[in-house]
Chemist: 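Quick one: structure below, then a few questions.
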2 protein chains.
Amino acid sequence: MTDDRRSAGTPTLEDVARAAGVSRATVSRVVNGVRNVDPAIQEVVRQAVSVTGYAPNRAARSLVTRRADAVALVVSGAGTEAEAGQEDSVPQRFGGAPGGPGSSFTAQVFADPFFGRVVTGVVDYLRPRGMHPVLMFAETARARDEVVAYLRQGSADGALIVSTHAEDPLPGLLTEAGLAAVLYARPARPVRISYVDLAHQDGARLAAEHLLAVGRRRIATISGPLDVPAGQARLAGFRDTMERHGHPYVPIAEGRFTQESGEAAMGRLLAEHPDLDGVFAANDLMAMGACHVLREHGRRVPEDVAVVGFDDSSAALACRPPLTTVRQPVEAMAAEMTRLLLDRLARPGSPATSVIFEPELVVRASA
Amino acid sequence: MTDDRRSAGTPTLEDVARAAGVSRATVSRVVNGVRNVDPAIQEVVRQAVSVTGYAPNRAARSLVTRRADAVALVVSGAGTEAEAGQEDSVPQRFGGAPGGPGSSFTAQVFADPFFGRVVTGVVDYLRPRGMHPVLMFAETARARDEVVAYLRQGSADGALIVSTHAEDPLPGLLTEAGLAAVLYARPARPVRISYVDLAHQDGARLAAEHLLAVGRRRIATISGPLDVPAGQARLAGFRDTMERHGHPYVPIAEGRFTQESGEAAMGRLLAEHPDLDGVFAANDLMAMGACHVLREHGRRVPEDVAVVGFDDSSAALACRPPLTTVRQPVEAMAAEMTRLLLDRLARPGSPATSVIFEPELVVRASA
DNA sequence: GTGAAAGCGCTAACAC
DNA sequence: GTGTTAGCGCTTTCAC
């Protein structure tokens with residue numbers, strides 16, 4: 001009671017120790033749940049903690065433990081600065097704020113329900129473990145350097161990387177720098193790094209087999225961007241299956257995984273193949289766009305044209321009719337990716353692992 | 001060259017200082033861009049930095065500056081644990097991962113394009129300033145305590161709060177604890193805290209006036225949830241305007257800002273008022289649902305029934321026909337919210353401010 | 001089982 | 001303009 005004016009600002013271990021009549025070390029042990037502390041003293045310390053309103057200073061702790069207890073969730077873009085030019089594909093709806101060319105990329109990213117699902121999976125895994133992701137974007141060389149710097153500074157212990165393009169240099173940069181990272185999707189060039197991925201080809205096979213099973217014979221596909229591994233794989237899987245079933249030639253229109261590009265692609269297919277009766281779109285957004293265009297052209301879905309999407313995102317349910325689609329368990333995959341990263345942080349030596357998820361056909365009304 | 005074995009692990013200021021032949025203080029000055037350093041020495045130091053591959057340790061810096069140089073972006077839910085029961089409104093599509101009742105909330109949040117836009121605005125403002133948001137959710141008392149603890153630990157310097165419900169206790173908790181925060185949307189109970197918001201009533205007025213201007217006379221509305229301020233305000237603004245124009249009675253069906261709830265609401269309205277010719281939905285997702293149901297009931301949009309949405313989210317463009325809607329400049333508002341927070345961090349004493357944005361009518365095909 | 005003491009890497013007075 | 005020094009708050013040997 002005499003000299004408590006030094007307990008000014010936020011309370012420190014020292015303050016708690018004084019209040020409890022023990023040493024800092026003991027308080028630290030109790031706070032960190034180390035055994036070897038007399039239960040009675042534990043209780044006293046806990047009292048003191050709540051009385052003083054103590055909260056451990058994260059920076060101080062990090063400094064000594066050399067752990068930030070934080071992970072970065074980074075959405076990575078294409079390989080070069082060139083993509084700055086491709087932004088016109090996204091309506092630039094953002095008025096005043098600074099940020100320049102960057103603004104479009106982040107807007108573009110969240111326009112796809114996919115990323116929200118990734119965030120959901122990551123957060124749901126991290127949260128019970130008392131961690132929270134730092135959200136970063138890395139679509140330019142500069143932004144990638146910032147990500148590397150961020151990790152090198154020890155601001156985060158590792159990175160979860162979601163690449164939107166093949167040839168993404170980020171995984172390479174990270175491993176080179178000896179930083180922990182796990183990818184969503186297999187890297188284009190083999191890097192010694194853990195990742196989760198979907199068996200895209202199997203998914204496309206399910207779609208093809210379903211369209212054939214419901215009696216469609218004039219089937220076309222709207223592929224994803226062919227510079228994206230997922231786009232390639234889904235197309236390859238679809239074609240292979242069609243070929244194996246006696247359809248060596250499949251009309252293809254390339255899309256960019258956006259609804260708008262799906263609409264355009266559908267328009268092209270319809271112009272060249274007005275009699276088609278089945279369409280596989282490499283994601284739900286494009287399938288939704290295809291449905292719109294089909295209806296505008298007087299085709300009923302599924303009566304005249306059956307449509308199958310991919311992902312089973314919110315778009316699949318939002319679409320009328322609801323989409324038959326191939327389910328990608330994004331949340332579970334994102335959770336697994338997070339688990340792999342935390343594992344690696346716990347055991348730095350452990351080898352890179354990859355986990356491949358199997359897709360599943362979800363039959364709704366569109367096919 | 002003789003004794004460089006102490007430059008083991010990651011290089012520290014000390015290592016750079018030794019390499020440059022100066023003191024740690026000088027290196028620190030150069031790294032932090034403080035003037036008062038001889039240009040020649042600056043150069044030498046910069047060389048040494050790149051030679052050693054030095055990256056400042058964030059924890060050490062934070063410890064002394066007492067700044068984390070990080071902000072939390074928190075999506076806040078309702079007031080009590082009760083909301084765990086409301087999760088049935090969201091399809092539970094998440095299989096394995098742990099996280100229990102929480103998983104649904106984060107999925108629910110990102111199902112609405114609104115949050116992606118908030119993230120975009122925040123990130124685009126933060127990025128050029130070398131900062132990145134830590135993503136947190138606070139839909140339960142426990143989660144809210146974690147947010148408070150996180151800030152009290154100094155893991156972040158302040159919080160950007162997006163509330164999905166009125167009566168959110170989080171703003172109060174934060175200000176009580178003397179933590180910096182800015183809200184997206186006015187707090188239900190007046191708290192001395194900065195916020196950005198939209199003039200919702202004005203937006204609803206624009207919608208009403210437009211429906212009347214295009215000659216509609218039997219107009220109904222699908223409101224947002226009435227326990228959400230934005231829901232209330234949009235309804236109030238709509239009713240007031242209708243009343244002022246001689247329509248004291250407006251059929252109302254309450255929705256929950258989801259497409260599904262918009263469909264249900266439209267169904268109810270149609271059952272009771274089969275002759276309606278105009279609908280104002282309090283957000284685009286519900287407007288889209290309404291369009292679907294109208295079409296299923298043989299009504300053409302806009303010929304038979306004009307539909308106006310709210311937000312001008314991606315759903316407005318995804319809808320067929322594209323929605324006439326009231327634009328909420330979410331990205332700009334989120335950027336402003338971020339600016340307010342950084343301002344406050346820079347000048348701790350500064351008073352709470354609020355910035356209200358004006359909505360704008362965007363006329364497309366649906367009305 | 002508990003305490004004393006040595007830093008973790010950095011910034012910021014303060015001397016020079 | 002540059003160097004010296006004293007911590008920031010915490011964990012963690014190491015004695016006891």
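FYI, side chains are in, hydrogens and waters are out, and symmetry mates aren't considered; it's all heavy atoms of this structure. So that the names make sense, note that chain A is the first sequence line, chain B the second, and so on, each numbered from 1.
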Chemist: For dG9(D) and Arg58(A) - does any side-chain N or O of the residue sit under 4.0 Å from the phosphate oxygens OP1/OP2?
Modeler: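 Result: no.
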Chemist: What is the separation between atom CD on Glu14(A) and atom P on dG3(C), rounded to the nearest whole Å?
Modeler: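 Checked: the CD to P distance equals 12 Å.
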Chemist: Can you list the steps and then say if Tyr125(A) with Leu342(A) is a side chain to side chain contact (heavy atoms under 4.5 Å, CB included)?
Modeler: CA-CA 10 Å; Tyr125(A) 188 85; Leu342(A) 296 194; 3.7 Å; yes
Chemist: Ignoring the backbone of Thr12(A), work out which of dG9(D), dC14(D), dT2(D) is nearest its side chain.
Modeler: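 Taking heavy atoms from C-beta onward, the closest nucleotide is dG9(D).
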Chemist: Counting only side-chain N and O atoms of Thr26(B), is one of them less than 4.0 Å from OP1 or OP2 of dT2(D)?
Modeler: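 Result: no.
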Chemist: Taking the side chain from Asp168(B) and the backbone from Leu170(B), do they hold a donor-acceptor pair closer than 3.5 Å?
Modeler: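 Side chain of Asp168(B) to backbone of Leu170(B): a pair is present.
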Chemist: Write down the distance between CG (Asn57(A)) and C1' (dT11(D)), rounded to a whole number of angstrom.
Modeler: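 Spelled out: CG on Asn57(A) to C1' on dT11(D) is 13 Å.
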Chemist: What is the distance, rounded to the nearest whole Å, between atom CG of Leu63(B) and atom C1' of dG7(D)?
Modeler: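 It works out to 9 Å between those atoms.
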Chemist: Contact class for Arg66(A) (heavy atom, under 4.0 Å): base, sugar-phosphate, or nothing?
Modeler: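 Arg66(A): backbone/sugar contact only, no base atoms under 4.0 Å.
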Chemist: Counting heavy atoms from C-beta on, name the nucleotide in dC10(D), dT2(C), dG3(C) closest to the side chain of Ser23(A).
Modeler: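 So the side chain of Ser23(A) is nearest to dG3(C).
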Chemist: If you pin Ala25(B) and Ala60(B) to their nearest nucleotides in DNA chain D, which one's is more 5'?
Modeler: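 On the 5' side of the pair lies Ala25(B).
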Chemist: Could you tell me whether a side-chain N or O of Ser62(A) sits under 3.5 Å from a main-chain N or O of Arg67(A), the two making a donor and an acceptor?
Modeler: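 Side chain of Ser62(A) to backbone of Arg67(A), a donor-acceptor pair under 3.5 Å: yes, one is there.
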Chemist: May I ask you to verify if any side-chain N or O of Ser28(A) is less than 4.0 angstrom from the OP1 or OP2 atom of dC10(D)?
Modeler: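 No, no such contact exists.
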Chemist: If we count only N and O atoms by modelled type, under 3.5 Å, do the side chains of Asp124(A) and Thr120(A) hold a donor and an acceptor together?
Modeler: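 Not at all, the side chains of Asp124(A) and Thr120(A) share no donor-acceptor pair under 3.5 Å.
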Chemist: Please report, rounded to the nearest Å, how far the P atom of dG3(D) is from the CZ atom of Arg24(B).
Modeler: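 Taking atom P of dG3(D) as the reference, CZ of Arg24(B) is at 12 Å.
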Chemist: Please give, in whole Å, the distance from dC10(C) C1' to Asp15(B) CG?
Modeler: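 These atoms are roughly 13 Å apart.
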Chemist: Between Thr65(A) and dT11(D), does any side-chain N or O lie under 4.0 Å from OP1 or OP2?
Modeler: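 Thr65(A) to dT11(D) OP1/OP2: no side-chain N or O under 4.0 Å.
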Chemist: Considering only dG3(C), dT11(C), dG3(D), which nucleotide approaches the side chain of Arg61(B) most closely?
Modeler: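 For Arg61(B), the side-chain atoms sit closest to dT11(C).
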Chemist: Between atom CG in Asp38(A) and atom C1' in dG3(C), what is the gap in whole Å?
Modeler: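 Distance check: Asp38(A) CG to dG3(C) C1' gives 15 Å.
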Chemist: In whole Å, I'd like the distance from the CD atom of Gln153(A) to the C1' atom of dC8(C).
Modeler: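 These atoms are roughly 16 Å apart.
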Chemist: Of the listed nucleotides (dT11(C), dG9(C), dG3(C)), which one gets closest to any side-chain atom of Leu13(B)?
Modeler: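 In terms of side-chain proximity for Leu13(B), the closest of dT11(C), dG9(C), dG3(C) is dT11(C).
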Chemist: Tell me if a side-chain donor or acceptor on Asp15(B) pairs with a main-chain N or O of Thr12(B) at a distance below 3.5 Å.
Modeler: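 Yes, because the side chain of Asp15(B) sits within donor-acceptor range (under 3.5 Å) of the backbone of Thr12(B).
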Chemist: State which of dG9(D), dT2(D), dT11(C) makes the closest approach to the side chain of Val64(A).
Modeler: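 Nearest to the side chain of Val64(A) among the choices is dG9(D).
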Chemist: Between dT11(C) and Asn32(B), is there an OP1 or OP2 to side-chain N/O distance shorter than 4.0 Å?
Modeler: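 Checking Asn32(B) against dT11(C): at least one side-chain N or O falls below 4.0 Å of OP1 or OP2.
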Chemist: Nearest whole angstrom, please: distance from the C1' of dG3(C) to the CD1 of Ile41(A).
Modeler: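 Roughly 11 Å, once rounded to whole Å.
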Chemist: Are OP1 or OP2 of dT2(C) and a side-chain N or O of Asn36(A) less than 4.0 angstrom apart?
Modeler: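 For dT2(C), neither OP1 nor OP2 has a side-chain N or O of Asn36(A) closer than 4.0 Å.
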Chemist: Can you identify which nucleotide, out of dC10(C), dG1(D), dG3(D), has its nearest atom closest to the Arg29(B) side chain?
Modeler: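 Taking heavy atoms from C-beta onward, the closest nucleotide is dG3(D).
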Chemist: Please work out whether the ring planes of Phe137(B) and Phe105(B) are parallel, tilted or perpendicular, with thresholds of 30° and 60°.
Modeler: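 Correct class here is perpendicular.
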